[in-house]
Amino acid sequence: MSEHKRLLDTATGPLISQEEPTLFEKSHPGRIGFSLPTCPVPEINPTSVIAGDLCRGEISELPEISENEIVRHFVRLSQKNYCIDTGFYPLGSCTMKYNPKINEEVAKISALATVHPLWPEKYLQPALAIQYQLQGLLSSLTGLENFTLQPNAGAHGEFVGIKIMKAYHDEKEKKGGPKKTKVIVPDSAHGTNPATCTMVGYEIVSVPTGPNGIVEVADIEKILSPEIAGIMMTNPNTCGLFETHIHEIAKLIHSVDGLFYMDGANFNAIVGITKPADLGVDIMHINLHKTFSTPHGGGGPGSGPVGVRSHLKKFLPTPLVIKEGSQYKLQKDLPESIGRVSGYYGNYSIHIRALAYMLSLGTIPNTEETYVKKMSTAAVLNANYIRHRLRPYFKIAFDSICMHEVILSDEIQEKFGIKTLNIAKRLMDYGYHPMTVYFPLIVHGAMMIEPTESETKETLDQFCDVMIEIAKECETNPKVVLEAPTRVNREKIDELRAQKQPRLRWLPTSI
Ligand SMILES: *Cc1c(COP(=O)(O)O)cnc(C)c1O
């Protein structure tokens, strides 16, 4: 398509035709964006150094484009991206909060960013100090005495935590203890939970979610047995609700010498208010990239520190960052450790961001604790505000005070032939990133909305106004919702065809 036609279409045609031509289409013979100096060394024939079938031979017909055209091309493409710096991102379960730029500035400070992990410890002191301080803050927020920062994602943290659970039971088994083969996982769990337990070699015992969206004590009692190695529970859970029986459940698990693993991906709702160790938790991971701010998406980057009670410290991955006198050290002599789980010491630049974020919230006078509590209370308030505004128009899956996220169901809209996927696509027409859809799996047509603490009341109101408008459209003009999106850069894919291919079906979009 010519540039001229593209511009004409922008003014007159439907928005869908705003395709950006490729560089090849924009190419014009003789235009130059950048010229290389003549090569000062003799040219090598690539086929002489690269194995034959890996070498494509001569590259011909590269696009010829001027500098300003190529800059505009890539900037235009970048502007088609939806990002937290341009708009509200209600993706539930992912905690897509605004990430203050000060964290990026701190992570970029060259003295911190250029540290090499193979330097001797004495030169690594500032980096180790950051990690040590972060471990300490995580300990004070969770009540769990020891932390490793090595895991590079939430799922990676889960793996480390369940390996520690296994190491604990293996040791007891060697001394004649019972064989532990099963881990209890609620049916509302994030898919990584059962996957992790299976990878470590445990069998999953699924526990159903009760009518109020939380696990009931009686259901745990029913499945409790000496083979139970532990429970893996998310709190607040993926229904956005606080597991109010957690204390009693922990007691039951401990009564069969099981360990309580808490998936702390939803820590954003309770951090600074409740310490998981006080609830009976033995092991947990935290998603630094969610709760403590790092831009993430599309699979990374992440950091999933794992905290444990002191009797499990000996199993943590090596090396551990410790302090002796005024010196920070990497402790490697942990014979019972599950071993190293990451190249070097984890995702260090995310550790810097997390620490910068926590400290920038301010410290409570005369303590080392930060005001993270302000953040979690605002996150919970915002989610409940959305729940309250939308409940006359949508079915709320579990209509009680929620934590940091609220889940709607498409039950009301289904009467008009509209499903969650249609609503999500219509949101895109209104300029919003959709919420998480079809997760958790136990809610019919789930729409999971997590506003986070970083949004203003005006933003929340605008979003709710749009959702209410869509709910009205479902009744009065369902066609417009069914045909959505029509005002975005990409055409609608053939969903019916996609649904017939089993691998493409209703994958939860959460990360
Ligand atoms: C995000 C999330 C995970 C996985 O974390 P990653 O960093 O994406 O690996 C696990 N459990 C829950 C509840 C989550 O929300």
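Sequential numbering from 1 along the given sequence is applied to the chain's residues. Counting starts at 1 for both ligands and their atoms, in listed order. Any value given below was found using the heavy atoms of this structure, including those in side chains, with hydrogens, waters and symmetry copies removed.
- Counting heavy atoms closer than 4.0 Å to ligand 1, residue Glu158 contributes side-chain atoms (C-beta onward) but none from N, CA, C or O.
- The shortest separation from a heavy atom of Lys290 to ligand 1 is under 4.0 Å, placing the residue in contact.
- Among His289, Glu450, Lys290, Glu453, the one residue that satisfies the side chain to side chain donor-acceptor pair (under 3.5 Å) test with Thr95 is Glu450.
- In this structure, Ser188 contributes its side chain and Thr209 its backbone to no donor-acceptor pair below 3.5 Å.
- Using a 4.0 Å heavy-atom cutoff, Gly304 is absent from the residues neighbouring ligand 1.
- Salt bridge Glu336/Lys314: present, at least one basic N to carboxylate O contact under 4.0 Å.
- Residue His289 places a heavy atom less than 4.0 Å from ligand 1.
- Taking distance alone, with nitrogen or oxygen atoms compared against 3.5 Å, Ala265 stays at or beyond that limit from ligand 1.
- Residues Leu408 and Met448 have side chains not in contact (no heavy-atom distance under 4.5 Å, counting atoms from C-beta outward).
- The aromatic rings of His351 and Tyr348 lie perpendicular to each other, with more than 60° between the two planes, well past the 30° mark.
- Among the atoms of Ala153, none of the N or O lies under 3.5 angstrom from an N or O of ligand 1.
- Checking only distances, Asn287 does come within under 3.5 Å of ligand 1, N or O to N or O.
- Which parts of ligand 1 touch Thr234 is read off a 4.0 Å heavy-atom cut-off, strictly below it: atoms 13 (C).
- Close N/O approach between His285 and ligand 1 is not found [any backbone or side-chain N/O within under 3.5 Å].
- Every atom of ligand 1 is numbered from 1 in the order shown, and the set under 4.0 Å from a heavy atom of Ala155 is 4 (C), 5 (O), 6 (P), 9 (O).
- When side chains are defined from C-beta on, Cys402 does not count as touching Ser400, because their heavy atoms never get closer than 4.5 Å.
- Aromatic pair Tyr82/Tyr89: centroids less than 6.0 angstrom apart.
- Taking any N or O of Asn266, backbone or side chain, none lies under 3.5 Å from an N or O belonging to ligand 1.
- Close approach of ligand 1 to Ser93 (heavy-atom distance below 4.0 Å) involves ligand atoms 15 (O).
- Side-chain rings of His190 and Phe439 approach one another, their centers coming within less than 6.0 Å.
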